[in-house]
Amino acid sequence: MTTSPTDAATCLIPADRYLLGDAFDEGYPFDAESPQREVELEGFDIDATPVTNAAFRRFVDATAYVTEAETFGDSAVFHLAVAARPEHVRGRFGSAPWWLSVAGADWRHPNGPLSSVDGLDDHPVVHVSWADAQAYAAWAGRALPTEAQWEAAARGGLRGARYAWGDDLTPGGRWMCNIWQGRFPTHNTREDGWLTTSPVGTYPANGFGLVDVAGNVWEWCADRFETVAPASSFGARSLPIVQEERRVTRGGSYLCHESYCNRYRVAARTGNTPDSTMGNCGFRTVSAT
């Protein structure tokens, strides 16, 4: 383990051929997790943890950077976590009504204007857009990981495993990541101890030394989100679709639950528009090429 220019611990991922993708056929069809494929990667280093509030604050203090959520004036907050007066709530997201658009929600106020990051220095920064993450990485002399880099690192040296630690979600009854327990989206039993973000490193590291590659917060990657059209749409074959207005996010978050978002599996993937900001999405960086 080494230290990056931001004083964040990093992990070296060796040059090798890595097996990526879903070995269990458990992914959502349009997410294009399958088929499994090998990729050859040069060695690189990657942040051991998602970028924290403390690290992001150093960037903002050094550059006076203003995030897109601050510029827009609102961001998405999970309905059970909102800390805001009623007039701050601008509405629900129709396809995901558990998300509220909250005026004054941003990285300094993760649950709304009545919240703060005081005491949360070691939690992952949230309410950062893809452009915000890119700006931080450029300041640090680093880059966002490609999707292949992210998954290779997240696997921790395991080939074909369901999770970053093996195939069982709770080996020996132990929670290995910060995800939802209970009945989504109305009742979280908090068996793992958390409703929203947890301090980075609360759960065990994978074989390469990375933590929080499952659950806690989604992480932006450099790539555009590419999916596959079903074969029935184009005769006998499937065709790739590059959704140019969406960027890849990986790893799942504290809201993932098997009933609707089984994306804390290491092969799982999704995407979002690059200007999207929300209370469950952050990022980590890799060495720049």
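None of these values were measured; they are calculated from a predicted model.
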S75 side chain vs A105 backbone, donor-acceptor pair below 3.5 Å: no

Gap between atom CD1 of I46 and atom OG1 of T285 - 0.5 Å precision: 8.0 Å

Check: F24 main-chain N/O paired with D22 side-chain donor or acceptor under 3.5 Å: yes

Shared hydrophobic cluster for F93 and M278 (ILVMFWY, side-chain gaps under 4.5 Å): yes

Closest non-hydrogen atom pair, R265 against E26: CD-OE1, 3.4 Å

Closest heavy-atom pair and its distance - G156, F208: CA-CD1, 3.4 Å

Geometric class of the Y136/F283 ring pair [parallel <30°, tilted 30-60°, perpendicular >60°]: perpendicular

Interatomic spacing from NE2 in H127 to CD in E70 - rounded to 0.5 Å: 11.0 Å

Whether N206 side chain and A153 backbone form a donor-acceptor pair below 3.5 Å: yes

Backbone of C221 reached by a side-chain donor or acceptor of W130 within 3.5 Å: yes

Trace of the side chain to side chain contact (heavy atoms under 4.5 Å, CB included) decision for W107 with V60: CA-CA 11 Å; W107 77 271; V60 171; 3.9 Å; yes

Heavy-atom side-chain proximity of R57 to D121 below 4.5 angstrom: yes

Worked check of side chain to side chain contact (heavy atoms under 4.5 Å, CB included) between Y264 and L169: CA-CA 10 Å; Y264 38 85; L169 179 60; 3.8 Å; yes

V39 with L210, same ILVMFWY side-chain cluster at under 4.5 Å: yes

Heavy-atom neighbours of R90 CZ exceed 12 at 6.0 Å: yes

Heavy atoms from other residues, nucleotides or ligands near CG of D61 exceed 12 (cutoff 6.0 Å): yes

Polar side chain donor-acceptor pair, S115 to N111, under 3.5 angstrom: no

Heavy atoms from other residues, nucleotides or ligands near CD of E38 exceed 12 (cutoff 6.0 Å): yes

N53 side chain vs L120 backbone, donor-acceptor pair below 3.5 Å: yes

Within-4.5 Å side-chain heavy-atom neighbours: T270 and R263: yes

Student check: side-chain heavy atoms of V82 and V102 closer than 4.5 Å: yes

Check ion pair R269-E226 (N to O, under 4.0 angstrom): no

Residues R142, S287; criterion side chain to side chain contact (heavy atoms under 4.5 Å, CB included); working and verdict: CA-CA 5 Å; R142 295 175 64 76; S287 47; 4.3 Å; yes

Pair T49, D47: side-chain N/O donor-acceptor within cut-off below 3.5 Å: no

Residue list, side chain to side chain contact (heavy atoms under 4.5 Å, CB included) with E219, at least two apart or on another chain: P50, W150, R284

Test item: W220 side-chain N/O and V128 main-chain N/O as donor-acceptor pair under 3.5 Å: yes

Y65 and F59 aromatic ring geometry - parallel, tilted or perpendicular at 30°/60° bounds: tilted

Gap separating the CZ atom of R174 from the OH atom of Y203, nearest 0.5 angstrom: 10.0 Å

Any donor-acceptor N/O pair, H257 side chain to G182 backbone, under 3.5 Å: yes

Co-membership, hydrophobic cluster, residues L100 and L255, 4.5 Å side-chain: no

Joint cluster assignment, V77 & V89, ILVMFWY side-chain distance < 4.5 Å: yes

Non-hydrogen side-chain atoms of Y254 and N188 separated by less than 4.5 Å: no

Test item: side-chain donor near acceptor, S101 and D74, under 3.5 Å: yes

Euclidean distance, R17 CZ relative to L20 CG, rounded to 0.5 Å: 10.0 Å

Spatial distance of atom OH (Y163) from atom CG (D168) [nearest 0.5 Å]: 8.0 Å

Minimum-distance pair of heavy atoms, taken over all atoms of C256 and W218: SG-CZ2, 4.1 Å

Nearest heavy-atom neighbours spanning E151 and G21: OE2-N, 2.8 Å

Gap between atom OH of Y18 and atom CD of Q149 - 0.5 Å precision: 10.5 Å

Expected output: side-chain R155 to main-chain A161 donor-acceptor under 3.5 Å: yes

Residue pair W165 / P204, side-chain heavy-atom distance below 4.5 Å: no

Sub-4.5 Å side-chain heavy-atom contact between R224 and R246: no

Shortest non-hydrogen contact from W99 toward A76: CZ3-O, 3.5 Å

Plane angle bin for W180 and F78 - parallel if under 30°, tilted between 30 and 60°, otherwise perpendicular: perpendicular

Non-hydrogen atoms of T249 and C281 that approach each other most closely: CG2-SG, 4.2 Å

Side chain H109, main chain D106, donor-acceptor under 3.5 Å: no

Under 3.5 Å donor-acceptor, Q181 side chain and E191 backbone: yes

Within residues 32-53 or reaching into it, pairs that qualify as ring pair (Phe, Tyr, Trp, His ring centres under 6.0 Å) - sequence neighbours excluded: none

Same apolar cluster: V213 and L158, side chain cutoff 4.5 Å: no

Audit row: N272, F225, side chain to side chain contact (heavy atoms under 4.5 Å, CB included) steps and yes/no: CA-CA 8 Å; N272 212 333; F225 184 55; over 6 Å; no

Expected list for residues 193-202: side-chain donor-acceptor pairs under 3.5 angstrom, two or more places apart:
| from | atom 1 | to | atom 2 | distance (Å) |
| --- | --- | --- | --- | --- |
| W194 | NE1 | D192 | O | 3.4 |
| T197 | OG1 | H123 | ND1 | 2.8 |
| S198 | OG | N178 | ND2 | 3.2 |
| S198 | OG | N216 | OD1 | 3.3 |
| S198 | OG | N216 | ND2 | 3.4 |
| T202 | OG1 | P199 | O | 2.6 |

